[in-house]
Amino acid sequence: MKAQITLTVSEGKRLIAKAIANLPEVQQALREGKILLKGGTTVSAVAEELAGIALRISGRITPRGTRAGREQLPAPHTVLLERGLWRNVDAELEEAVLGMAPSDVAVCGANLIDASGRAAIMAGSPLGGKPGKVLAALEAEGITTIIAAGLEKLSPCSITEAIAAAGRRDTAWSMGMAVGLIPVPGRVITEVTAITLLAPVKATVIGRGGIDGAEGSTTLAVEGEAENVQRLWELVLALKGARTSGAEGSLVECRRGGPNCQLHVGCIYAGKANH
């Protein structure tokens, strides 16, 4: 049996989150160990699935460029789940990671993935701040790392080429903050991967993009036994209309003159405001 489905970007994030939440290693870590969830809209959806909490969204890309979020929001950006209970580890990220074991799991997002399954995150702060330093070294510590990234992040060039082209300090002009790229090793989970994890079917991308709210969407052909295709179909129908995950207020970008405006690094570059 064959079916065709279309997922908006937000629906794809929710599908990826459900697949990650159901991975055996994630379920085991949820019961017996620790799970690190580093904020981003897709990882926030994972946090909702596992702990019922939405995460604070920090950097983001909007029509105005690479932007920061509004400051002084109390919600956590990174949480550690330990035997199902979560705590904010924004102020102790390095210590939290050093306390994790190889049987534990870290979940983060990505700003870019390539056809070889490599991923990278944008860094708008010097050396990527604490998250940049920690994420790049997770697998060096032996921690299973899962990267939640929708197909809208897929690059036509390699991560290596993209890293060489980007640069936080040698960019003369930028819309928003100038960013570099930091490679993040781990297992990338996209909508295609998520579908095959949630049902024993084959998924093939047959279209990208759209209009009227479907910009960046992915259309897929799904093929398999009738009962499996139907299961996947019903799961996708239940996700229709899903919105982007994020703690209340944190999806609002920083704007000059807006609430709590501090002209921080997310708003200025080379001494010139890019609001």
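Since this is a predicted model, take the numbers as computed values, not measurements.
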Practice task
Could you please spell out the steps behind the salt bridge (charged side-chain N to carboxylate O under 4.0 Å, His left out) verdict for Glu25 and Arg187?
Solution key: CA-CA 12 Å; Glu25 57 266 42; Arg187 179 186 181 188; 3.5 Å; yes

Practice task
Verify the distance criterion only: is there a donor paired with an acceptor across the side chains of Thr244 and Ser10 at less than 3.5 Å?
Solution key: yes

Problem - Fellow cluster residues of Ile16, listed by chain then number, with links counted only when side-chain atoms sit under 4.5 Å apart - result: Ile20, Leu23, Val26, Leu30, Ile35, Leu37, Val43, Val46, Leu50, Ile53, Leu55, Val79, Leu81, Trp86, Val105, Val107, Ile146, Ile189, Leu197

Exercise for the section: Enter the distance from Leu80:CG to Lys38:NZ here, rounded to the nearest 0.5 Å. Expected result: 15.5 Å

Handout entry: 4.5 Å side-chain heavy-atom contact, Ile61 and Met122
Key = yes

Practice task
Ignoring hydrogens and angles, tell me if any N or O in the side chain of Asp104 forms a donor-acceptor pair with the backbone of Ala101 under 3.5 Å.
Solution key: yes

Exercise for the section: Could you tell me which residues satisfy salt bridge (Lys or Arg N to Asp or Glu O under 4.0 Å) with Lys34, sequence neighbours excluded, listed by chain and number? Expected result: none

Practice task
Keeping to residues at least two apart or across chains, list the salt bridge (Lys or Arg N to Asp or Glu O under 4.0 Å) pairs with something in residues 222-248.
Solution key: Glu11-Lys240

Completion exercise
Rounded to the nearest 0.5 Å, the CE atom of Met177 sits from the CZ atom of Arg67 at a distance of 7.5 Å

Practice task
Kindly indicate whether the side chain of Gln27, heavy atoms from C-beta on, has any atom under 4.5 Å from the side chain of Glu32.
Solution key: no

Handout entry: Derivation of the salt bridge (charged side-chain N to carboxylate O under 4.0 Å, His left out) call for Arg208 and Glu215
Key = CA-CA 8 Å; Arg208 296 296 324 284; Glu215 294 85 353; over 6 Å; no

Problem - Side chains of Thr218 and Glu152 in contact at under 4.5 Å (non-hydrogen atoms) - result: no

Handout entry: Between Thr6 and Thr219, a side-chain donor and acceptor under 3.5 Å
Key = yes

Exercise for the section: Could you pull out all residues at least two apart from Ser103 that satisfy side-chain hydrogen bond (donor to acceptor under 3.5 Å, both in side chains)? Expected result: none

Problem - Side-chain donor or acceptor of Ser250 paired with backbone N/O of Ile57 under 3.5 Å - result: yes

Completion exercise
Taking every heavy atom of Ala178 against every heavy atom of Ser174, the minimum-distance pair comes out as N-OG, 3.4 Å

Handout entry: Ile211, CD1: over 12 other non-hydrogen atoms inside 6.0 angstrom
Key = no

Exercise for the section: Could you check Leu181 against Leu112 for side-chain contact (heavy atoms from CB on, under 4.5 Å), going step by step and ending with a plain yes or no? Expected result: CA-CA 9 Å; Leu181 287 172; Leu112 200 68; 4.2 Å; yes

Problem - Min side-chain heavy-atom separation Ile113-Thr190 under 4.5 Å - result: yes

Practice task
Side-chain contact test, heavy atoms from C-beta onward, threshold under 4.5 Å: evaluate it for Arg14 versus Glu49 and give yes or no.
Solution key: no

Fill in the blank from the handout: Closest non-hydrogen contact found for Ala119 with Val188 is CB-CG2, 4.2 Å

Handout entry: Under the salt bridge (Lys or Arg N to Asp or Glu O under 4.0 Å) test, residues paired with Glu92 that sit two or more places apart
Key = Arg87

Exercise for the section: Starting from the C-alpha separation in whole Å, work towards a yes-or-no answer on side-chain contact (heavy atoms from CB on, under 4.5 Å) for Leu36 and Met100. Expected result: CA-CA 9 Å; Leu36 182 77; Met100 296 175 71; 3.9 Å; yes

Handout entry: Test salt bridge (Lys or Arg N to Asp or Glu O under 4.0 Å) applied to Lys202 - qualifying residues, sequence neighbours left out
Key = none

Exercise for the section: Give a yes or no answer on whether the side chain of Asn228 reaches the backbone of Ala199 with a donor-acceptor pair at less than 3.5 Å. Expected result: no

Exercise for the section: Taking all non-hydrogen atoms of both residues into account, name the closest pair between Gly39 and Thr78 and its distance. Expected result: N-OG1, 4.1 Å

Problem - Val184 to Cys108 - nearest heavy-atom pair and separation - result: CG1-SG, 3.8 Å

Handout entry: Contacts of type side-chain hydrogen bond (donor to acceptor under 3.5 Å, both in side chains), residue Thr62, not counting sequence neighbours
Key = Glu253

Handout entry: Side-chain donor or acceptor of Ser44 paired with backbone N/O of Gly40 under 3.5 Å
Key = no

Problem - Spacing of Leu98 atom CG and Glu95 atom CD [to the nearest 0.5 Å] - result: 7.0 Å

Practice task
Provide the closest heavy-atom pair for Glu48 versus Ser245 in the form atom of the first, atom of the second, distance.
Solution key: OE2-OG, 2.5 Å

Practice task
Please collect all side-chain hydrogen bond (donor to acceptor under 3.5 Å, both in side chains) contacts where either partner lies in residues 137-147, sequence neighbours excluded, each pair once.
Solution key: none

Handout entry: Audit row: Thr41, Lys13, side-chain contact (heavy atoms from CB on, under 4.5 Å) steps and yes/no
Key = CA-CA 8 Å; Thr41 52; Lys13 292 175 187 288; 2.9 Å; yes

Fill in the blank from the handout: For Asp114, the salt bridge (Lys or Arg N to Asp or Glu O under 4.0 Å) test, sequence neighbours excluded, returns none

Exercise for the section: Show which residues join Val9 in its hydrophobic cluster (side-chain heavy-atom contacts under 4.5 Å, direct or indirect), or state none. Expected result: none

Problem - Results of side-chain hydrogen bond (donor to acceptor under 3.5 Å, both in side chains) for Thr160 - residues two or more places apart only - result: Arg118

Fill in the blank from the handout: Apart from Ile195 itself, its cluster of hydrophobic side chains linked below 4.5 Å comprises Met1, Ile5, Leu7, Leu15, Leu151, Val192, Leu198, Val201, Val205, Leu220, Val222, Val229, Leu232, Trp233, Leu235, Val236, Leu237, Leu239

